[in-house]
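As structure tokens, the structure follows; a few thoughts come after it.
Every number for a ligand or one of its atoms is a count from 1 in the order of the listing.
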Amino acid sequence: MIPYGRQNITEDDIDAVVEVLRSDFITQGPVVPRFEAAITAHTGAEHCVAVNSATSALHIALLSLGVGQGDVVWTSPITFVASANAALYCGASVDFVDICADTFNMDMTLLAEKLEQAQAHGRLPKVVVPVHMTGRSCDMEALDRLRQTYGFRVVEDGSHAIGAHYKGRPVGSCAFSDLCVFSFHPVKIITTGEGGAVTTNDPALSRRLASLRSHGITRDPSEMTSNDGGWYYEQQNLGFNYRMTEMQAALGVSQMTRLDAFVERRRELAERYDHLIRDSDILRPVLDSNENLSSWHLYVMRLKDDIKPLERSHLFDKLRLDGIGVNVHYIPVTRQPYYRRLGFDPLQFPVSESYYERAISLPLFYDMTNAQQDQVVKCLLAPRGYQTIF
Ligand SMILES: *Cc1c(COP(=O)(O)O)cnc(C)c1O
């Protein structure tokens with residue numbers, strides 16, 4: 001099976017993890033700050049707080065902005081469920097803005113309309129969570145203009161997008177947001193096994209994130225209300241154990257040295273897909289422009305609007321039988337039984353529904369060979385009766 005995604009692990013990665021295992025610290029010691037420094041060096045953000053997953057990162061990012069009961073958080077339906085669940089963990093409610101048909105990212109025109117209505121009803125969101133779907137940045141300048149008009153905060157779900165660039169800046173720079181979250185799950189651009197991080201330029205938010213990551217406890221005498229002795233620590237907030245281990249951080253430091261190479265090869269493969277299927281009636285994703293350079297976490301092809309019912313699932317099943325590990329990203333969150341019980345109706349988000357009925361993620365990973373990619377394309381086009389180059 002050619003998988004849809006796969007990590008790249010070198011001997012250097014393995015040595016880095018083993019070195020930590022032989023050292024004094026195996027959780028949140030000196031290597032976690034080194035990993036955080038590698039992320040700030042890449043993104044240009046002032047601060048980074050590494051945690052045990054992007055899901056945890058989203059949770060504490062929202063909490064650090066004061067999201068709680070009575071607040072509303074908006075995201076888009078085409079995302080992993082964690083983007084929306086994080087708001088519910090905080091006791092807030094969640095709502096969705098439909099996507100753009102061509103970029104799969106939150107549609108800023110629909111967002112502007114929804115904000116106008118929300119203002120009229122006194123129900124403006126506290127936070128908007130744009131998802132950089134497939135690794136391509138949302139239109140952050142348009143979002144920033146709306147943020148200035150309506151006063152909400154912005155947490156980027158950049159789980160797909162470490163290594164991507166928007167208007168000349170790395171995603172994670174937080175030039176147009178309060179916070180940006182990354183995921184280091186094995187299918188993502190770099191991996192720590194499980195892991196996540198939040199970047200920000202706000203020192204107060206960074207301190208809050210660090211506190212929430214570790215039970216709300218401080219050992220810094222300058223922050224404590226009293227001091228009973230050398231053993232003393234204080235819990236000042238209700239936090240969590242969301243710490244990253246030293247093994248994860250060491251793998252992360254080692255992986256970060258190859259970030260540019262990872263993205264470059266992914267881009268090459270994406271352009272190659274574009275070339276190989278250009279003469280078929282398959283819809284291809286938007287390619288990079290100078291303004292918007294994707295990290296190419298996913299290559300999502302779509303069947304045309306007028307497909308017959310079940311055509312996508314037939315093609316999907318056929319490709320799986322052929323040993324091609326295709327996938328679908330994502331089932332709209334609004335379709336999930338849990339979200340239907342909260343009152344969402346998928347028909348409220350017709351662009352997401354239409355996308356979902358026609359999308360297939362083709363395999364794309366750093367170690368994928370051109371020959372494997374040719375095999376994917378051959379299996380994809382053969383049953384559809386296209387002239388291929390093979
Ligand atoms: C992977 C992913 C997450 C969750 O990341 P974890 O590190 O697995 O918790 C959240 N949002 C999006 C868009 C993702 O792709």
Side-chain angles (χ1 to χ4, degrees), residues 3-7 32 35 39 48-63 73-90 94 96-97 99 103-106 127-138 140 154-164 171-172 177 179-199 209 212-213 240-245 248-249 251-252 255 262 266 285 294-300 327-334 336 338-339 352 355-356 359 361 364-365:
Y4 92 84
R6 186 176 156 69
Q7 69 276 14
V32 169
F35 181 46
I39 293 170
C48 175
V49 175
V51 291
N52 59 358
S53 73
T55 304
S56 304
L58 284 161
H59 183 195
I60 62 172
L62 294 180
L63 285 177
V73 174
W74 290 1
T75 187
S76 43
I78 298 299
T79 185
F80 184 57
V81 290
S83 320
N85 288 347
L88 305 182
Y89 297 159
C90 301
V94 70
F96 299 89
V97 179
I99 58 165
T103 64
F104 327 145
N105 283 333
M106 184 182 284
V127 179
V128 173
V129 180
V131 179
H132 302 317
M133 181 62 190
T134 75
R136 180 190 168 84
S137 175
C138 291
M140 296 302 290
V154 174
V155 175
E156 299 170 70
D157 186 342
S159 293
H160 298 181
I162 195 162
V171 168
S177 69
L179 300 149
C180 179
V181 166
F182 293 123
S183 172
F184 311 121
H185 181 279
V187 296
K188 307 286 165 75
I189 307 292
I190 67 158
T191 190
T192 59
E194 295 277 0
V198 191
T199 58
L209 291 167
L212 287 164
R213 160 175 69 182
F240 307 88
N241 180 354
Y242 283 171
R243 289 185 300 262
M244 175 175 268
T245 69
Q248 291 170 311
L251 181 54
Q255 292 257 314
F262 286 162
R266 285 174 173 277
S294 178
S295 55
W296 290 102
H297 166 52
L298 298 172
Y299 188 91
V300 176
N327 221 314
V328 173
H329 299 93
Y330 291 92
I331 305 157
V333 177
T334 41
Q336 297 294 350
Y338 181 83
Y339 280 85
S352 293
Y355 165 89
Y356 171 58
S361 305
L364 180 63
F365 50 97

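- Between I190 and F262 there is a side-chain heavy-atom pair separated by less than 4.5 Å.
- Scanning all protein heavy atoms for the shortest distance to atom 10 (C) of ligand 1 gives S159 OG, 3.4 Å.
- At a 4.0 Å heavy-atom cut-off, ligand 1 does not touch F182 at all.
- Under 4.0 Å from ligand 1, heavy atoms of A54 appear from its side chain as well as its backbone.
- What sits closest to atom 1 (C) of ligand 1 on the protein, heavy atoms only, is K188 NZ, 1.5 Å.
- Set against the non-hydrogen atoms of S183, the atoms of ligand 1 under 4.0 Å away are 1 (C), 5 (O), 6 (P), 7 (O).
- If you look at M133 next to ligand 1, there are no close heavy atoms at all, none under 4.0 Å.
- Less than 4.0 angstrom separates some heavy atom of T79 from each of these atoms of ligand 1: 13 (C).
- Between Y330 and ligand 1, a contact under 3.5 Å exists for at least one N or O pair.
- Scanning the protein heavy atoms around atom 15 (O) of ligand 1, the nearest turns out to be H160 NE2, 2.7 Å.
- Atoms of ligand 1 lying under 4.0 Å from any heavy atom of G195, numbered from 1 in the order shown and given with element: 7 (O).
- In this structure, N327 contributes its side chain and S361 its backbone to no donor-acceptor pair below 3.5 Å.
- Residue contacts with ligand 1 do not include G196, since none of its heavy atoms lies under 4.0 Å from the ligand.
- A distance of 8.5 Å separates CE of M106 from CH2 of W74, quoted to the nearest 0.5 Å.
- Looking at heavy atoms from C-beta onward, V131 lies out of side-chain contact with F80 at the 4.5 angstrom threshold.
- No side-chain heavy atom of L58 sits less than 4.5 Å from a side-chain heavy atom of Y89.
- In this model, a donor atom of one side chain and an acceptor atom of the other lie less than 3.5 Å apart for S177 and E156.
- The proximity of D157 to ligand 1, defined as any non-hydrogen pair under 4.0 Å, is limited to the side chain.
- For ligand 1, the polar-atom distance check finds an N/O of T55 within less than 3.5 Å of one of the ligand's N/O atoms.
- At a 3.5 angstrom cut-off on N or O pairs, E194 does not count as close to ligand 1.
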